[in-house]
Amino acid sequence: MDKFVIGGGRKLYGSVRAQSAKNSVLPLLAASVLTEEPVVIHETPPITDVFSMAEILRGLGAEVKFCGEDAVIDCSRASVHRIPPSLTRELRSSVFMLGSLLARFRRAACAYPGGCDIGLRPIDLHLNALKRLGVEIREREGYITCACTQLKGAEIVLDFPSVGATENILLAAVRAEGTTTLYGAAKEPEIVDLQNFLNAMGAKVRGAGTDVIAIEGVERLHGVRFTPVKDRIEAGSLLIACAICGGEVEVEGVRGETLGLLLHKLRENGCKIHTKNDKIRIAGTGRLKCNRRIETMPYPGFPTDLQAQMTALNAGAEGDCLIVENLFETRYKYVPELMKMGADIEVRGRNAFVRGAERLHGASVTCGDLRGGAALILAALGAEGESEVLDLSHVDRGYAAFEQKLTSLGAAVKRVRI
Ligand code: EPZ
């Protein structure tokens with residue numbers, strides 16, 4: 001298990017380039033099952049969620065190689081339609097493999113991807129949508145088995161703009177008979193990236209980025225070489241790091257408007273922010289002011305994946321802040337660890353009441369999930385004195401070379417194997 005030893009209180013200066021988006025690369029890997037021709041995904045981030053997804057594809061009989069930053073996938077010999085339970089537990093988001101497996105094999109099976117550290121994470125929206133496409137679904141002893149004679153286009157309405165369910169529907173509908181119209185779709189930039197990837201394979205998808213997506217089924221999809229969109233959540237995490245530490249940082253590769261309300265909130269904290277095309281420059285000017293309220297919402301609202309990081313910022317700012325987490329039931333597991341650093345936060349259900357402390361102090365804290373772990377790292381960077389952040393396996397799931405990026409900006413972060 002690795003830990004970070006972090007010397008707090010150093011300002012950050014310089015520029016960093018965002019990695020490719022974890023939450024785009026994962027569905028793109030799932031989509032590679034849809035063709036028997038080679039697929040190349042450029043600039044693939046070396047993060048453990050990508051390696052877990054590669055293992056799932058290999059378990060189906062596909063060949064996955066990493067040549068530098070290229071992921072080269074050959075599914076021509078893929079013949080297994082069942083995802084092993086160990087890998088579904090490892091990677092919850094493997095559930096959107098169901099759509100691509102059904103499109104390829106007309107059968108699919110995976111273990112029920114149980115809850116995780118941020119909530120129950122049911123998949124009812126996924127399964128109801130697949131049934132609309134003509135899929136028979138049986139759930140027995142924690143296993144989901146899906147089968148159909150032919151996927152048939154349909155009208156589908158999502159009660160909630162679920163990202164994963166939207167992706168599952170796209171992956172299944174691209175090779176269905178007829179047209180599928182999805183109402184109430186998630187509008188995240190990663191959905192637009194998936195549409196572009198599928199259309200580059202010969203699919204006919206229109207409307208991603210809005211809440212109505214039309215998919216005209218096609219017979220075949222061919223191979224593709226593709227560069228994914230950059231990771232707006234990693235970029236947001238780095239911007240928040242600079243806000244907490246002070247200094248001046250430019251993050252490249254991500255457009256400001258893909259960060260939802262983050263830039264507006266950072267300006268409320270007193271940061272100076274300039275955006276130009278896909279460059280975002282932030283200057284942290286001394287003591288921050290708390291946001292009055294941060295409420296997570298589906299895109300383009302405030303991203304739930306930046307909630308923990310902004311709570312860490314508010315914990316050391318002036319005033320009080322109400323955080324409302326609307327997407328996941330228990331996305332505050334990191335709070336007790338932040339309190340070891342002197343944070344004053346009271347959690348009640350989906351609300352967290354933050355009273356800004358004069359300054360957080362260093363402590364020994366442990367990561368419990370991906371974004372909560374990132375929040376602890378950011379808090380340690382701004383805290384007085386030295387901290388250690390344990391169990392980095394959670395952070396390594398979604399942040400490639402995080403310590404290299406932070407130290408290149410002047411932070412004192414050392415990875416230690418224990
Ligand atoms: C995706 O998860 C992201 N993961 C998450 O990022 C992100 O937090 C989330 O979207 C919301 O933006 C990937 O893209 C791999 P949802 P997903 O389906 O698809 C409920 C990170 O840190 N729901 O939009 O699982 C669900 O319980 C990760 O990078 C149902 O009720 O999210 C949750 O409350 C964490 N029934 C809400 O919808 C369903 O069938 C949002 O879930 C599906 C979801």
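Just so we're clear, the structure is a prediction, and the values are computed from it rather than from any experiment. Each ligand, and each atom within it, is numbered from 1 in the order the structure gives.
In the vicinity of G164, heavy-atom distances shorter than 4.0 Å reach the ligand 1 atoms 18 (O), 19 (O). Listed by atom number, the atoms of ligand 1 under 4.0 Å from F160 heavy atoms are 37 (C), 38 (O), 41 (C). Below 4.0 Å from some heavy atom of L370 lie the following atoms of ligand 1, by number and element: 22 (O). The atoms of ligand 1 that sit less than 4.0 Å from any heavy atom of R371 are 21 (C), 22 (O), 29 (O). If you number the atoms of ligand 1 from 1 as listed, the ones under 4.0 Å from a heavy atom of L327 come out as 33 (C), 34 (O), 37 (C), 41 (C). Of all atoms in ligand 1, numbered sequentially from 1 with element shown, those under 4.0 Å from a heavy atom of K22 are 21 (C), 29 (O).
Taking atom 9 (C) of ligand 1 as the reference point, the nearest protein heavy-atom neighbour is F328 CZ, 4.1 Å. Atom 18 (O) of ligand 1 has as its closest protein heavy atom S162 OG, 2.7 Å. In this structure, atom 40 (O) of ligand 1 lies nearest to the protein heavy atom L125 N, 2.7 Å. Atom 36 (N) of ligand 1 has as its closest protein heavy atom D124 OD1, 2.7 Å. From the protein, the heavy atom lying nearest to atom 25 (O) of ligand 1 is R121 NH2, 3.0 Å.
With Y399 as the partner, the side chain to side chain donor-acceptor pair (under 3.5 Å) test is satisfied by one option alone out of H394, K22, R371: R371. Each of H264, E268, K265 was scored for a side chain to side chain donor-acceptor pair (under 3.5 Å) with N291, with one residue passing: E268.
Taking a 6.0 Å sphere around CZ of R281, one finds it holds more than 12 heavy atoms contributed by other residues, nucleotides or ligands. For E329, the CD atom is densely surrounded, since the number of other residues' heavy atoms within 6.0 Å is greater than 12.
Considering all non-hydrogen atoms of both residues, S364 and K340 come closest at O-CD, 3.8 Å. Shortest non-hydrogen contact noted between F66 and A71 is CE2-CB, 3.8 Å. Across all their heavy atoms, A186 and P161 have their closest contact at CB-O, 3.4 Å. Between Q19 and K405, the closest heavy-atom pair is N-NZ, 3.5 Å. Heavy-atom minimum distance, L158 versus A165: CD2-CB, 4.1 Å.
Note: no N/O pair closer than 3.5 Å links L26 and ligand 1 by distance alone. For the pair N23 and ligand 1, the shortest N or O to N or O distance falls below 3.5 Å. In terms of polar-atom proximity, defined here as any N/O pair under 3.5 Å, R331 does make such a contact with ligand 1.
Within a 4.0 Å radius of atom 3 (C) of ligand 1, the protein contributes at least one heavy atom.
Distances from ligand 1 to the non-hydrogen atoms of P122 include at least one value under 4.0 Å. The shortest heavy-atom distance from H394 to ligand 1 is not under 4.0 Å.
Between the side chains of T311 and Y332, no donor N or O sits under 3.5 Å from an acceptor N or O. No hydrogens or angles considered: a donor-acceptor pair under 3.5 Å links the side chains of Q309 and S237.
One finds no salt bridge joining E36 and R220 here, because no Lys/Arg side-chain nitrogen approaches an Asp/Glu carboxylate oxygen to under 4.0 Å.
The residue among V163, L306, T304 with a heavy atom at the shortest distance from atom 1 (C) of ligand 1 is V163. The closest heavy-atom contact to atom 6 (O) of ligand 1, among the options D305, T166, I233, I123, comes from D305.
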